[in-house]
Amino acid sequence: MYKANDTRYDNVTPRPLGKSGLVLPPIALGLWQHYGSADPYAARRDVILAAFDRGVFHFDVANHYGDGDFGSSEALLGQVLASDLRPYRDELVIATKIGYEIHPGPFGTGTSRKAILQGIDDSLGRLNLDYVDLLYAHRFDTTVPVAETVRALDDVVKAGKALYIGVSNFDTPQAQEAIDRFTALGTPFVVDQMSYNLFNRDVETSGLLDTLRRAGAGLVAYGPLSEGLLSDRYLAGIPDTFKIHPTNQQTFANGKAAVVQRLNQLNDLAQGRGQTLAQMALAWLLRDPIVASVLIGTTSTTHLQDNLQALDHLAFTADELAEIDRLTTL
Ligand SMILES: NC(=O)c1ccc[n+]([C@@H]2O[C@H](COP(=O)([O-])OP(=O)(O)OC[C@H]3O[C@@H](n4cnc5c(N)ncnc54)[C@H](OP(=O)(O)O)[C@@H]3O)[C@@H](O)[C@H]2O)c1
C-alpha cells in the first residue's frame, strides 16, 4: 500500500492564487498527453506518486484529455486517487476543465449550461471524487453568452461540486468580461490558465497579467517547456516531426535554425546559473508572484525530479533577466 513521503513538503513553498485562499505548489503536474487509456498505467501512477512524494499536491486534467480517448486521463487519475491518494484527498488540489470535445453532439463541446452541468458530473464520476478543487472553462466559447457560462460555473460551486473557478485560454478582454460577471455573482474566480514560456510572452504583452492582478486573481502557466523545446533535447537541431502547440506557433517565425541558436545561448546562460535549460525556463516563469504554479507535462520520473530542482534557484539578477529578454526576442 502506498504511503506518502513524510518529508514531501520540506522543499516546497506553496504560492497563493492571487488574493484567494487557494495555494498551489510552484510546479504542478498536468496529464494532457500520454496519460490516457493507451498508456501504461503502472508507469504513469509511478510519476503521479513520485510527484506527490515531492510536494506536488496539484494535478491538472481536463475532460477532453486522453490522447483521443476523451475522459481517459481523468479516469487514470481517478484510479490513482481511489487506490493510492484517497487518504491524502484533503491535501490535494485537483483541477479539471470543460470546453473541448468530450462526446459527439452539440453538448459534447463548449461551455453551455448543459455542457457544464452534465460535464462536471461525468468528470467527478471518472475522477472518483465528490468535488474538484478547481473547475475551468477550458476555452472561450463564442457560441454561448458569457453570462450563461459564468452562471453555470457559479452553480457548480453552489452545488458543492467545485471549490474554485478558473478560465483557460481567455484573452484579456474575454477574461475581463468574465471577471466582471463572476464578481457580480460573488463566484470564487481565481485564475486564468494560459500558455506561457520563454518564447511566448503573450500574457505579459497583452496586459492579461495586469488584468488578473487588478482582479486579485492569478495565472497558472501551461506548456512551460514548449513541448520539451526548452530543454537540452533539441540543442543539436529540431526534427521535422516536432509538433509545436498552436499557441507557440510564432516561436518558429524565423525558422528552426534561429531557435536552435537561441536555445544554445539560453543553455549557456542556464549552465552559468548552475541549472539545466529546463530548470531555468521553469524558474523564470516563477519570477513574478502572479504566476501561482507552472504546469509541467512529463512521463518520466527523472525529468520530474530534474524539473523540480528548478526550485533550488529561483532568483535572477537584473543582468540575467536582460540577457534572457535579448535571447528570447526572436
Ligand atoms: N489549458 C490548456 O488549454 C492547456 C494546453 C496545454 C497544456 N495544458 C496543461 O499543461 C500541462 C503541461 O503542458 P505540456 O505538456 O505542454 O508541458 P511542457 O512541460 O511544456 O512539455 C511537456 C514535454 O516536455 C518534455 N519534458 C519535460 N521535462 C523535460 C526535461 N527535463 N527534459 C526534456 N524534456 C522534458 C516531456 O517529455 P517527457 O514525457 O519525456 O518528460 C513532454 O514532451 C498539460 O499536461 C496540461 O495539464 C493546458
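Position 1 is the first residue of the sequence; numbering continues from there. Values reported hereafter were calculated over all heavy atoms of this structure, with side chains retained and with hydrogens, waters and symmetry mates removed. As the structure is a computational prediction, the values presented were derived from the model and not from experiment.
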Partners of N248 by side-chain contact (heavy atoms from CB on, under 4.5 Å), sequence neighbours excluded? S195, N197, N200, S226, I244, H245, T251
Working note: E227 + Q33, criterion side-chain contact (heavy atoms from CB on, under 4.5 Å); need CA distance, chi angles, decisive distance, verdict. CA-CA 10 Å; E227 319 282 318; Q33 295 198 92; 3.4 Å; yes
Looking at side-chain heavy atoms only, is the closest gap between L282 and L225 below 4.5 Å? yes
Just verifying a value: how many Å separate L269 CG and E323 CD, rounded to the nearest 0.5 Å? 6.0 Å
Can you pull out every side-chain hydrogen bond (donor to acceptor under 3.5 Å, both in side chains) where at least one residue sits in residues 297-310? Sequence neighbours excluded, please. none
More than 12 heavy atoms of other residues, nucleotides or ligands under 6.0 Å from CG of N11: yes or no? no
Report the distance from atom CG of D122 to atom CD of Q118, rounding to the nearest 0.5 Å. 6.5 Å
Can you tell me if CG on D130 sees more than 12 non-hydrogen neighbours from other groups inside 6.0 Å? no
Run the salt bridge (Lys or Arg N to Asp or Glu O under 4.0 Å) test on D154 and K158 for me, step by step, so that the C-alpha distance in whole Å, both residues' side-chain angles and the decisive distance to 0.1 Å come before the verdict. CA-CA 6 Å; D154 189 64; K158 291 203 175 95; 2.3 Å; yes
Which residue pairs satisfy the side-chain hydrogen bond (donor to acceptor under 3.5 Å, both in side chains) criterion with at least one member in residues 135-145, sequence neighbours excluded? T109-R139, Y136-Q193, D141-T143
Determine whether P26 and V294 make a side-chain contact, defined as any pair of heavy atoms from C-beta on separated by less than 4.5 Å. no
Do the non-hydrogen side-chain atoms of L295 and W32 ever get within less than 4.5 Å of each other? no
Heavy-atom nearest pair, R45 first then Y2, reads NH2-CB, 4.4 Å
For Y35 and D67, which heavy atoms make the closest approach, and how far apart are they? N-OD2, 3.8 Å
Going through the distances and angles, do L327 and L198 end up as a side-chain contact (heavy atoms from CB on, under 4.5 Å)? CA-CA 9 Å; L327 293 175; L198 278 168; over 6 Å; no
Among side-chain atoms of K97 and Y65, is any donor-acceptor pair under 3.5 angstrom? yes
When rounded to the nearest 0.5 angstrom, what distance separates OG1 in T329 from CZ in F199? 10.0 Å
Could you tell me which non-hydrogen atom of L208 sits nearest to which non-hydrogen atom of M194, and how far apart they are? CD2-CG, 3.5 Å
CG-OG distance between L219 and S293, expressed to the nearest 0.5 angstrom: 10.0 Å
Give me each pair satisfying ring-ring contact (aromatic ring centres under 6.0 Å, His included) with a member in residues 39-63, each pair once, sequence neighbours excluded. F52-Y88
Judged by modelled atom types alone, do T211 and T172 share a side-chain donor-acceptor pair under 3.5 Å? no
Is there a side-chain contact between T328 and W284, using heavy atoms and a 4.5 Å cut-off? no
With ring-ring contact (aromatic ring centres under 6.0 Å, His included) as the rule and sequence neighbours excluded, what pairs involving residues 150-170 come up? F140-F170
Rounded to the nearest 0.5 Å, the CZ atom of F182 sits from the CD atom of E177 at a distance of 11.0 Å
So do L235 and L263 actually touch side chain to side chain, heavy atoms under 4.5 Å? yes
Identify whether the distance between the nearest side-chain nitrogen and carboxylate oxygen of D210 and R214 falls below 4.0 Å. no
State plainly whether the residues R287 and E204 are in salt-bridge range, i.e. N to O under 4.0 Å. yes
Taking all non-hydrogen atoms of both residues into account, name the closest pair between G237 and V260 and its distance. CA-CG2, 3.9 Å
Residues I165 and A162: closest non-hydrogen pair is CD1-CB, 4.5 Å
I need the full list of side-chain hydrogen bond (donor to acceptor under 3.5 Å, both in side chains) pairs touching residues 68-82, with sequence neighbours left out, sorted by first then second residue. S37-D69, E74-T96, E74-S123, E74-R126
Do the non-hydrogen side-chain atoms of V291 and V203 ever get within less than 4.5 Å of each other? no
Counting only heavy atoms not in K19 (residues, nucleotides, ligands), do more than 12 fall under 6.0 Å from its NZ? no
On the six-membered ring of Y131, is R89 placed so that its NZ or CZ lies under 6.0 angstrom from the centre and within 45° of the ring axis? yes
Check whether any side-chain heavy atom of L31 lies under 4.5 Å from a side-chain heavy atom of I48, and answer yes or no. yes
Could you pull out the closest heavy-atom pair between V157 and L163, with the gap in Å? CG1-O, 4.3 Å
Indicate yes or no: at least one non-hydrogen side-chain atom of N169 is less than 4.5 angstrom from one of Q174. no
Quick check: are there more than 12 heavy atoms from other residues, nucleotides or ligands sitting under 6.0 Å from CZ of R15? yes
